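Each remark here refers to the structure printed beneath this line.
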Amino acid sequence: MPSWNTPTARRSHEPWKSDGKCDEVEPDSCPAEAQTAQALPPISKKGPLSLDLSGKGAYHPPMRASRLHIVTYREDPADAEVLSHRLMARAGLIFKVSSGLYAYSPMLWKSLKKAQGIVRDELDHAGCLEIQAPILQDRQLWEQSGRWDVYEASGTMFTSTDRRGTTYGLAPTAEEVVTAYARATVKSYKQLPICLYQIHTKFRDEIRPRFGLLRVKEFLMKDAYSFDVSDKALADSYENMRLAYHRIFRRMGLEAFGVDADPGDIGGSGSMEFMLAADSGEDAILIEESSGYAANVEKATSRAAKPAGQDEAPRDMRVEDTPGVRTCDELSAFFPNVPPARMVKTVLFKAIHTDHEEFWAALIRGDQEINEVKLRNHTSGLELKMLSDDEIEAKTGAKQGFAGPIGLSDTFQIVADKTVRGMVNLLCGLNTTDQHALDVNIGRDFPEPTYADFRLAREGEPGPTDGDPLILKRGIEVGHIFQLGTKYSAAMGATFMAENGREQPLVMGCYGIGVSRVVAAAIEQNADEHGVVWPVPLAPFEVAVACLSPKDEELSQVAEDIYTQLGSQGVDVMLDDRKLSPGAKLKDLELLGFPFTVIVGRAFRDEGKVEVRNRREMSSELVAPELVTQQLTTILEDLRVGLSDS
RNA sequence: CGGGGCGUAGCGCAGUCUGGUAGCGCACUUGACUGGGGGUCAAGUGGUCGUAGGUUCAAAUCCUAUCGCCCCGACCA
């Protein structure tokens, strides 16, 4: 008997096929002796979801496709727009329960557990400690940090009330809870640094859930919180986590890149997003290749070209009738010798704060656009809303399209983008319907405003570092790390006794990874016209062994043996024993996207060989059955991307 | 929140305008054949047509309300 055919000691992984005495009887009526320890399979030293993905000694229970509840569809679902959504639905990986709410199939959950395993392993190696916090968090806790109002204003948080009237939020993230835990338990600098994390369900009331698992109301997220003695120590923790993130994504077999980002509702001083490049990505990223600068457009800066004519001597201001001329383009057509770069746009906003509203007039050069995220940060409002036409008329006395810094009522706070500084003889509105002013000069015709950067950086503009043109890419945000500082600890009174004997607020960082989103994004990035192409580390199974003639006992036995061999060598393998026609089975396996498929069929009958297929390359080669296991374990070794010590 | 579209079998759809026995493809079940690209033949299972009310001799179809799902938009002067 060839060595590959040697029966391996099999554990009873498949109780429904057990040889035990209980086979034909109800479990309850099973004789007592059959339930003793001897009747049970030995306990594995490593669990089925071992963190050791090196392949050495890893143990995965063998699995038969006929028992895995694989349900695939030939047609795309009607509501799927993007690739990952279509494929996940067709492969039966997700089941939509309601808008933005999905159940994960056994196969997908297996992938998600692998993703969690990688996250967990890397964070544990990075010195973090896993915890589990409640999802239901009471309102008072969130009021302590001041974020209840923020999330209420943006409508992001689901809320609920218990029978006694206490209001709760369903956690969109868990800074408050973990900070409260640290407040109660961290008393001394001797306990620091510490980083706590959990992998748990998060809730966000998305305005518009879409793209399958990419934007949903309920999802799986890893969130971590670091506590340090100082900003300097925080920087170390942050850097430690940044490196861990790169290792995590690399180990998942994904190419993620970090970009400067706006911290948004989380707050804090610095933040970086981790992106997976994808055309369907909802985030736009500007990249300056020479310097490695990369930033979310919400945050990105660039060098704006200086318009001509800034050295002119100021001329006298004049007012012209401009009936019905509202936009910069229309003005430019009306005054052919005044390009938009010589105009100042005045955009009127309302900044919503916790207890009041402020009116803001934002001035920006006519050829530029406002970045509302930057502007909102400048106003420190919870939300920024453009004024409606009616509001504009009520506040300025002129119809929409004629607002300007001249004679603007003092109910507005005026801020100008830096591009406005130094402009000479500019054109702008003067809050009179059907009129604009020319040769306006700052400081003379209207008061010198304060300046800030709230200009939208655009593709092709010179980058901030080297001045090389910015390139636009789209990406899916899969991770985000923040240097929070003392925002939460100070607000919530989470302090510790420092080495100098003084009480100080904990210095915090927080770090998220959208685990379910990563897996969906992985499919978005790894798929072709045939279906999913799983990266090995996230694949529900690394190898599928398929016999194309399930009725042929000899072929079936060959497949069974290869499957057993692979399993005994720590390969995560599935035996496709389904009674499907060859074509249907092959198509199905391609849709499901296992990295490798071993096909036992014609080639074995003809020349005693089996076919080893590479899903990504869509290539195949004939291999002698006794060599399959060695060959695949070698290839997989390379593809199970490096470990935490790398 | 504004606009548009759609709810008919597990999935994808027709039927609605013009009221009159609820259909097609896929999937599923049984049998036979077939066995390397979603194979063939035969026989089947499965739907109170989203829900509620109304009009009518009669409603998937017309009217009203309501719920759900999808898409687009939410103003750059």
Side-chain angles (χ1 to χ4, degrees), chain A residues 70-82 85-86 89-92 95-101 155 207-212 322 324-332 340 343-349 361-375 383-393 396 398-405 408 417 427-431 433-434 436 454-456 458 530-531 546-552 555-556 578-591 597 599-606 610-611 613 618 620 622:
Chain A
I70 294 170
V71 182
T72 60
Y73 302 88
R74 198 182 291 209
E75 288 170 294
D76 285 338
D79 59 4
E81 290 251 302
V82 298
H85 187 192
R86 288 210 314 270
R90 275 193 58 203
F95 169 72
K96 183 162 82 181
V97 178
S98 172
S99 176
L101 298 169
I207 295 174
R208 220 176 115 197
R210 58 184 137 176
F211 305 146
T322 54
V325 181
R326 291 157 196 268
T327 68
C328 283
D329 286 346
E330 288 164 5
L331 279 165
S332 197
M343 301 176 189
V344 163
K345 290 193 280 201
T346 304
V347 189
L348 305 175
F349 292 94
L363 311 184
I364 190 159
R365 215 169 72 194
D367 63 332
Q368 299 297 322
E369 289 173 65
I370 289 176
N371 179 329
E372 276 196 41
V373 174
K374 289 184 184 176
L375 185 60
E383 204 187 349
L384 205 57
K385 280 185 178 166
M386 241 176 251
L387 295 191
S388 68
D389 290 0
D390 290 345
E391 286 172 315
I392 290 172
E393 205 166 342
T396 69
K399 286 197 184 297
Q400 177 271 337
F402 302 96
L408 194 61
D417 181 72
L427 186 161
C428 63
L430 70 168
N431 305 306
T433 304
D434 292 342
H436 278 85
F454 52 84
R455 186 176 58 89
L456 187 73
R458 292 176 293 200
H530 306 288
C547 176
L548 291 190
S549 308
K551 280 187 187 164
D552 184 316
L555 297 194
S556 296
R578 295 175 298 169
K579 308 275 185 281
L580 288 177
S581 73
K585 188 176 280 192
L586 292 170
K587 286 277 190 210
D588 217 44
L589 289 171
E590 278 158 14
L591 173 63
T597 310
I599 293 160
V600 183
R602 194 170 55 194
F604 187 81
R605 261 193 231 108
D606 295 349
V610 300
E611 188 179 334
R613 291 194 174 198
M618 285 299 272
S620 71
L622 295 178

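What's counted below: heavy atoms across the whole structure, side chains too, no hydrogens, waters or symmetry copies. Because the structure is a prediction, the values reported are computed rather than measured. Residue numbers start from 1 in every chain, and the chains themselves are labelled A, B, ... in the order their sequence lines are given, proteins ahead of strands.
Each of A:Thr72 and A:Glu75 was assigned the nucleotide of RNA chain B with the nearest heavy atom; the assignment lying further toward the 5' end belongs to A:Glu75. Nearest-nucleotide positions on RNA chain B place A:Glu611 closer to the 5' end than the other of A:Glu611 and A:Lys345.
Considering only side-chain atoms of A:Ile370, the nucleotide from B:rC76, B:rG12, B:rG36 that sits closest is B:rC76. Considering only the side chain of A:Tyr73, B:rC11 comes nearest among B:rC76, B:rC11, B:rC26. In this structure, the nucleotide among B:rC70, B:rA77, B:rG37 sitting nearest to the side chain of A:Lys96 is B:rC70. Considering only the side chain of A:Ile599, B:rG36 comes nearest among B:rG35, B:rC70, B:rG36. Side chain of A:Met386, nearest nucleotide from B:rG36, B:rA77, B:rC71: B:rA77. Each of B:rG37, B:rA77, B:rC76 was ranked by its minimum atom distance to the side chain of A:Glu372; first place goes to B:rC76. Counting only heavy atoms from C-beta on, A:Glu590 has its side chain closest to B:rG37 among B:rG37, B:rA77, B:rC76. Closest contact between the side chain of A:Pro77 and the listed nucleotides B:rC76, B:rG36, B:rG12 involves B:rG12. In the set B:rA27, B:rA77, B:rG12, B:rA27 carries the atom at the smallest distance from any side-chain atom of A:Arg74. Of the candidates B:rG36, B:rG37, B:rG35, B:rG35 carries the atom nearest the A:Ser549 side chain, counting heavy atoms from C-beta on.
Contact of A:Gln368 with B:rC76 (side chain to base): no donor-acceptor pair of N or O atoms is detected under 3.5 Å. Donor-acceptor pairing under 3.5 Å, judged by distance alone, is present between the side chain of A:Arg90 and the base of B:rG38. Side-chain to base pairing of A:Lys585 with B:rG36: no donor and acceptor N or O lie closer than 3.5 Å to each other.
Remark: P of B:rC76 and CE of A:Met343 are 16 Å apart, rounded to the nearest angstrom. Straight-line distance from the CG atom of A:Leu348 to the P atom of B:rA77: 12 Å, rounded to whole Å. Summarising the geometry, the separation between CG on A:Asp79 and C1' on B:rG68 is reported as 13 Å, rounded to the nearest angstrom. Atom P of nucleotide B:rC71 and atom CZ of A:Phe211 are separated by 8 Å, given to the nearest angstrom. For A:Lys587 and B:rG36, the NZ to P distance is 15 Å, given to the nearest whole Å.
Note on A:Ala78: only backbone sugar-phosphate atoms sit closer than 4.0 angstrom, heavy atoms only; bases stay farther off.
Contact annotation: the side chain of A:Lys585 approaches that of A:Leu589 to within less than 4.5 Å [non-hydrogen atoms, C-beta and beyond].
The nucleotide B:rC17 finds no pairing partner, because no Watson-Crick or G-U wobble arrangement with both distances shorter than 3.5 Å includes it. If you check B:rC24 for Watson-Crick or wobble pairing at under 3.5 angstrom, you find it paired to B:rG12.
Considering CD of A:Glu369 and NZ of A:Lys345, their distance stands at 6.0 Å, rounded to 0.5 Å.
For A:Ser98 and B:rG68, the shortest distance from a side-chain N or O to OP1 or OP2 is not below 4.0 Å. Side-chain nitrogen and oxygen atoms of A:Ser99 include at least one within less than 4.0 Å of the OP1 or OP2 phosphate oxygen of B:rC70. For B:rA74, neither phosphate oxygen OP1 nor OP2 lies less than 4.0 angstrom from any side-chain nitrogen or oxygen of A:Lys385.
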